[in-house]
Amino acid sequence: MTRKLLSLAFFFALSFTLFAQSDEELVKATVQKNTIKGHIYFLASDELRGRETGSAEIDIAARYLSTTLQRYGVAPVPGAREGYFQDVPLVQVLAPSSYSFSLGNTSLTSEQLIRVEGAGIQAKADIVYVGHGSEEDFADKKLKGKIVIALAGTESASDLRTVFMESEKKAERAKKAEALGLVELHTESPENWSQISRYLRGSSYQIQKPEEASSSSFFKLWVKDDSKTLAKSLLSKKRQLADIAISETVRIPVPSKNVVGMVEGTDPELKNEFVIYSAHYDHIGVGKANAEGDSIFNGARDNAIGVVTVLSVAESLAKNPTKRSALFILFTAEEKGLWGSRYYAENPLLPLNQMVYCFNSDNGGYNDTSVATIVGLGRTTAEKHIKKASETFGLTAIDDPAGEQGLFDRSDNVNFAKKGIPAPTFSLGFTAFDAEIMKYYHQQADNPESVDYEYLEKFFRAYVLSSRLIANDPETPFWVEGDKYYPVGVELYKNK
Ligand SMILES: [Zn+2]
């Protein structure tokens, strides 16, 4: 062989390796410790003050995410604001702050009252006592325009579960009879009472609906009556009037947004199928200081790390696309009740039946750096790819070890699973929900300095390689037969 031929052969060999880089090599080329570290140190920095939904700082995080996607060459999504945002019209609903109730001449104190339902009400009406308020107790009574008073629970049971369940039924009966409201007399322990009170006085979140009013006419009040004085007085008197007043609920708009981006696939057929790569980018903000004087919940594990799995796959796919297309979604308001993902699943920017897989990442913490924990690993046919990819980088993929925590149904993936889209959650390695996890889970200590970046490099590489294998597989991933979401999946894709 001449020298010239030899160098030509060498050139071809070299170009072959250059142009046919394996998925493994492609992953190693972009997923690197320093890049990962930079993202996490920014997203979980004190300056972003725990990325609480509605805060000014979470908007800075959102801007960082959209510009990072742009920098990687990730394309805008049709219909998204500025190409990379989906506004989520969230509102915080504050329970009415003041309410009063008096029966005859007796005014009850606020410690004795818990408002469960109703807002913007002021009325005076006759009361009707219905004992424990069973179906029979309600049967022969004229209740229209009156206030129904019942004992909590049933004749035979007064445990909290029964109390809550029966309360719903009594309220239904009272509504059906067109009563003004329902008052229940309770004999809970002081501990139970204050816990219930705290829970029901708190605020909740909702997606804004245009028709929502700040008052609702039916009310339900719980009254503390340990000594049963009220119950006794009700039995002794024939007719009594009651006065009720409940202030209005207050709705505060909470501006929030999902961040999105996409990469078109390379295969003329398979590019019509998308894999969603998702994670929530919000956390729980600022709270009480711990013993070290730290009041910022930085959320490095939860969920800056999940966000960086998505950024890592976005960089890899923007530079070297897979056969299937990719949709990246970074959710807002997970910590407020999975609102960002719920809103997206109800208002998708691209048709849901083209989304063949949702590869979510959410994290509480880790206690085993030899594994990656995939909540729902065995529930989809992509299990083999995730196992192989993890092994490639020295990790063992294991399924959710803490079934009792119901983790599959506690993260954003569930809103896609409910629609039929196979959707596991890729998480840092944990073999139990133990004290090591609780040390950081929703704690001020969840800082970027406390994370093992050697492990993270393997972890992110395992996620990105899994993604590439799933998105290049000619066979479309699906739920395994017998899974709870299998039938809704069949339904979703039947007219694809
Ligand atoms: Zn969380």
Side-chain angles (χ1 to χ4, degrees), residues 39-40 43-46 48-55 57-58 61-62 65 88 90 92 202-205 254 256-259 278-288 290 294-311 329-344 358-367 372-376 400-417 423-430 432-448 450-451 456 459 463:
H39 288 314
I40 295 173
L43 290 166
S45 63
D46 279 355
L48 289 194
R49 297 181 65 75
R51 307 183 304 279
E52 186 175 15
T53 301
S55 69
E57 291 82 7
I58 196 174
L65 299 175
V88 177
L90 200 64
Q92 186 182 17
S203 66
S204 60
Y205 287 80
V254 182
S256 51
K257 53 185 176 268
N258 293 324
V259 181
S278 64
H280 75 88
Y281 71 97
D282 68 306
H283 191 53
I284 57 173
V286 180
K288 272 199 206 125
N290 63 8
D294 184 0
S295 60
I296 300 172
F297 293 74
N298 302 68
R301 292 161 183 76
D302 183 8
N303 190 27
I305 285 177
V307 169
V308 179
T309 55
V310 176
L311 293 182
I329 318 178
L330 299 154
F331 303 118
T332 185
E334 189 266 359
E335 303 287 3
K336 305 291 187 200
L338 315 182
W339 289 106
S341 55
R342 189 157 149 185
Y343 187 76
Y344 186 90
C358 173
F359 202 18
N360 189 54
S361 181
D362 195 3
N363 299 281
Y366 59 93
N367 57 19
T373 299
I374 294 86
V375 180
D400 173 14
E404 76 286 353
Q405 292 279 341
L407 294 177
F408 191 93
D409 295 334
R410 275 175 53 191
S411 184
D412 296 305
N413 62 306
V414 72
N415 288 321
F416 292 85
T425 291
F426 195 85
S427 302
L428 293 165
F430 68 98
F433 221 83
D434 62 6
E436 183 58 27
I437 302 292
M438 297 315 289
K439 216 161 99 187
Y440 297 102
Y441 178 68
H442 284 203
Q443 300 296 326
Q444 298 90 332
D446 187 8
N447 292 318
S450 65
V451 182
L456 277 195
F459 175 81
Y463 176 83

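Both ligands and their constituent atoms are indexed starting at 1 by order of listing.
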Q. Among the N, O or S atoms that Glu335 has, which is closest to the Zn ion (ligand 1)?
A.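 It is OE2, the N, O or S atom of Glu335 closest to the Zn ion (ligand 1).
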Q | Asp302: its N/O/S atom lying closest to the Zn ion (ligand 1) (atom name) | A |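 This residue's closest N, O or S atom turns out to be OD2.
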Could you tell me if [Y] and [X] have a donor-acceptor pair between their side chains, going purely by distance under 3.5 Å?
X	Y	value
Asn360	Ser278	yes
Asn413	Thr425	yes
Asn363	Asn303	yes

Q) How about His442: does one of its N, O or S atoms come closer than 2.8 Å to the Zn ion (ligand 1)? A)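 Coordinating: yes.
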**Q.** Heteroatom test (N, O or S) for Asp362 near the Zn ion (ligand 1), limit 2.8 Å
**A.**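 Checking the Zn ion (ligand 1) against Asp362, no N, O or S atom falls under 2.8 Å.
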Q | Parallel, tilted or perpendicular: ring planes of Phe426 versus Phe459, cut at 30 and 60 degrees | A |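 Taking Phe459 first and then Phe426, their aromatic rings sit tilted (interplane angle of 30° to 60°).
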